[in-house]
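All chains are named by letter (A, B, ...) in the order of the sequence lines, taking the proteins before the strands, and each is independently numbered beginning at 1.
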Amino acid sequence: MAERGASGSGSSGDSLDKSITLPPDEIFRNLENAKRFAIDIGGSLTKLAYYSTVQHKVARVRSFDYSGKDAEQDHEPPYEISVQEEVTARLHFVKFENTYIEACLDFIKDHLVNTETKVIQATGGGAYKFKDLIEEKLRLRVDKEDVMTCLIKGCNFVLKNIPHEAFVYQKDSDPEFKFQTNHPNIFPYLLVNIGSGVSIVKVETEDRFEWIGGSSIGGGTFWGLGALLTKTKKFDELLHLASKGQHANVDMLVQDVYGGAHQTLGLSGNLIASSFGKSATADREFSKEDMAKSLLHMISNDIGQLACLYAKLHCLDRVYFGGFFIRGHPVTMRTITYSINFFSKGEVQALFLRHEGYLGAIGAFLKGAEQDSESRCW
Amino acid sequence: MAERGASGSGSSGDSLDKSITLPPDEIFRNLENAKRFAIDIGGSLTKLAYYSTVQHKVARVRSFDYSGKDAEQDHEPPYEISVQEEVTARLHFVKFENTYIEACLDFIKDHLVNTETKVIQATGGGAYKFKDLIEEKLRLRVDKEDVMTCLIKGCNFVLKNIPHEAFVYQKDSDPEFKFQTNHPNIFPYLLVNIGSGVSIVKVETEDRFEWIGGSSIGGGTFWGLGALLTKTKKFDELLHLASKGQHANVDMLVQDVYGGAHQTLGLSGNLIASSFGKSATADREFSKEDMAKSLLHMISNDIGQLACLYAKLHCLDRVYFGGFFIRGHPVTMRTITYSINFFSKGEVQALFLRHEGYLGAIGAFLKGAEQDNPNQYSWGENYAGSSGLMSSSPELCPTQRARSGTFDLLEMDRLERPLVNLPLLLDPSSYVPDTVDLTDDALARKYWLTCFEEALDGVVKRAVASQPGSVDAAERAEKFRQKYWSKLQTLRHQPFAYGTLTVRSLLDTREHCLNEFNFPDPYSKVKQKENGVALKCFPRVIRCLDALGWEERQLALVKGLLAGNVFDWGAKAVSDVLESDPQFGFEEAKMKLQGRDGPPHKCALIFADNSGIDVILGVFPFVRELLSRGTEVILACNSGPALNDVTYCESLIVAERIAAMDPVVHSALREERLLLMQTGSSSPCLDLSRLDKGLAVLVRERGADLVVIEGMGRAVHTNYYAALRCESLKLAVIKNSWLAERLGGRLFSVIFKYEVPAE
């Protein structure tokens, strides 16, 4: 997953809490040469995109100059190899919790030496909230970009430019991930962006899209309720807990309500009749893992169902899921996929993105790049 | 509140947790005669329905046997009254938490003596789970009924049989509840049943429906997550917590994400961007109240949104919400309504049900009773035995809640005959019987509630006086007083407790409470006496009238109708005069009045009001005049007693006695040109959409083309604005100075409203 690589060494995220010693090689790489910035500040997470030049050594081969010489005899090798420094362009994306934004901005400021840029494209709700802070810290002018425009731009970009960006998640098949080849015509589609909340957008062309719905039950809900229930404040730990839990200990299943008789009714006994239904009356403790799992199920199911209904209402058969909530987490993807299949009877397909969390940042970056009218392939 | 009265002794609900002393008079009423059971066991609550017979005293009137005697001299009263025991059918519904199910089953078993039933209809998920327990405890065979079928059956039943069952919740309007009049065609609609989980059903006809969706985020989620977050195990306490919380302390709002800039984006800053979004990163404690509120918002919003999407997907514009989750809780209804309006842009309407929790139990009962075809009957909500809407709503009466526990009751009386629309209504779907909506009109509400409170002493006195031989009359009358008083207090605080509050519902509630304590007809003796007096005057009045010329006679008849109508024990101003001046007579009544003729009609339908002078010296001469000019007359009187209104049985005797004196009436009765019919009602008011079917049939057969409605209750409190397809005459004397003033007149002013339908 993208963000796994980014936070490679592991505990770096944790140490941010107190101290501010960010290892520059690891998190904000190549910052000193950053040329252009874009930032996407969501309700919980900040995604920073920057375009930088990367110097690396390349091995060059060069023919010897044969003119007037009997080359073959004098030189054993047919050409020469030299190692040179080359400068290439690279897009970097970093994601961190909003709590650390001030520390990160300070860090960026301290390490930003060679830049000539005066502007930072900003999107996400927080772009408004943190505008002054960014301008003060980075001494860059904040250009606010529309959240939805950025999101869609980013999504269109990854769908077109990154091979196998989208994939279907199939729980019981091997492999579980089934990547889609990039379809020449990606429109129309439904984009469900799961950040702190959920935005549901119908995308018809590169430039035409419409916000058609949303939900307050999103990643922030998993995180917030999860933190309250398990006293675990870290999103990834919550996901980890969830992966070890048994939701049936907390959820009321169809078989709990119907006893053994559900089969005669043609109902699957494992369907969740009521999320957290067992914790209502049972006088016992519930494990953190079980509660986290139940919560993840509840939220993923709900999002899947809403996505399916909006897709059907707008006659769309493909739904892409973006936003930081999913994080390639199998249980989440499995539940969303199950939910969409269940409610649409297989008519609507749930597709996930390898770079789901970066759509807004990519879009914001592209918006800025458009102004330089650069047009390149990545 | 019913359960206030019902659980009178106090902590019954709470104490159930440990002990099992259920007061039988209060919770499982009339259980000893229970004939048929149905039970709906949901994920959290059990709803028990049983059909039982209720024995109560009724006053019967009977003519003396006059054969071979000079009746007039021997007997002062015109007929005899006997109090008899009558057995009527009543449906009882009780709702309690599943925790108490074993205790309740034991209780039922111990008190179930006279039953012959061998079967109990069961529905709800728990029907499967508790099957063995029920069979073992009650020794009844459990017949499992399909959950969804029961739900829909129940929903159709309440929508058809309970007036003002459905309502719209409007947060900022006064009143917040807007009750819907029962629409003759209820289909198609979407039913969203919120139990532990959520079921979404599209209902197209009585028998055709389809489960189109569901959600696991329902009442059980609120309860379960709420219990985990707040350590509060009681559902109602959670609701109470929620009502005091500020969700914005826990939820991430749009303005939290966007800072102050949301306005420039055209977004409302108060929209919830992420439920519980603030608790993700903030390192602080959150209050139980705030968390409960946020949870309630989250779930209600989600359900509203799903409901809206399913409604749009299936092209439906009405969504009814049922199930125990709502419980008339304002925050819940507000959020669901808001959510539906927001997401449907006002195209889909959210409707709530007063008896949302009982749908499954009612349906299961109906399934079981299908061999008796309960649909052939009409049913009426018994205000005396039913808990009001939001009776279990914590924020309205938290102190009461704490004591009353978790039992909620609904009782419905089986009416002897099916009720239907008057065929002459211009537009049955827009007909609203009541003239003033007291939920809407705070001033009028205050006045009438006070008026009924002040009249209560008199009613109690009258009730005791009506049963001189009874040793416990005073005790029962006192119970009646307490019950009706507490209903009035409930209605002061929750005018919407039983649907739209009207003068009619206040009067009907009083009648139901009187019946409850075996005061079936407190005015029977008074009516008897007055009928006797009036009958004696009848020949003289007729002679006077016949001596007049045609025009004078018409005027005199109308004056007579109005003068007679002054004699109304239901009106406080009149009963004061009558109590103080027993000599107050017909002529004087005429003097009190400050007082036509149309083309001959084929058949007139007359709704009579009071016994005695009113019907005998006012209505009958008028009837006689109509008959003489060739118009047939259907005289419709109440089926059961209400105040001093003439009942059908009394009208039969009165007519018989008049016929003995008057050849016109005599031959008309014999030739069936004068027909006495019952209205199907026992109310001092008149709901033209719920009339005895026999009456409706006759009205159609005879081609009635004139409707005369007499009296304050029938022509002013109700039907003042009723539009009919034929000529109508509404007449009454305003016997209430406040109302007179409001209508721009004085006490004893006359309402005389003759209407011809627009062509």
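Using a 4.5 Å heavy-atom threshold, the side chains of B:Leu229 and A:Leu225 count as touching. Using a 4.5 Å heavy-atom cutoff, the side chains of B:Ser274 and A:Thr221 are in contact.
For chain B, no part of A:Phe235 is nearby; none of its heavy atoms comes within less than 4.5 Å. Of the two parts of B:Phe130, neither the backbone nor the side chain holds a non-hydrogen atom closer than 4.5 Å to a non-hydrogen atom of chain A.
No more than 12 heavy atoms of other residues, nucleotides or ligands lie within 6.0 Å of NZ in B:Lys345, so this atom counts as exposed by the packing criterion. Few gaps surround CD on B:Glu135; more than 12 heavy atoms of other groups in view lie less than 6.0 Å from it.
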For residues 296-308 of chain B, tabulate all N or O donor-acceptor pairs below 3.5 Å that involve a side-chain atom, not counting sequence neighbours.
residue: B:Ser300; atom: OG; partner: B:Leu296; partner atom: O; Å: 2.7
residue: B:Asn301; atom: ND2; partner: B:His297; partner atom: O; Å: 3.3
residue: B:Gln305; atom: NE2; partner: A:Gly214; partner atom: O; Å: 2.7
residue: B:Gln305; atom: NE2; partner: A:Tyr310; partner atom: OH; Å: 3.0

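No other option in B:Ser216, B:Ser339, B:Gly218 has as many heavy-atom pairs under 4.5 Å with chain A as B:Ser216. Annotation: maximal heavy-atom pairing with chain A below 4.5 Å, among B:Gly220, B:Ser275, B:Ser215, B:Ala227, occurs at B:Ser275.
Expressed to the nearest 0.5 Å, how far OG of B:Ser279 lies from CG of A:Leu228 amounts to 4.0 Å. Distance CZ/B:Phe343 to CD1/A:Ile212: 11.0 Å, rounded to 0.5 Å.
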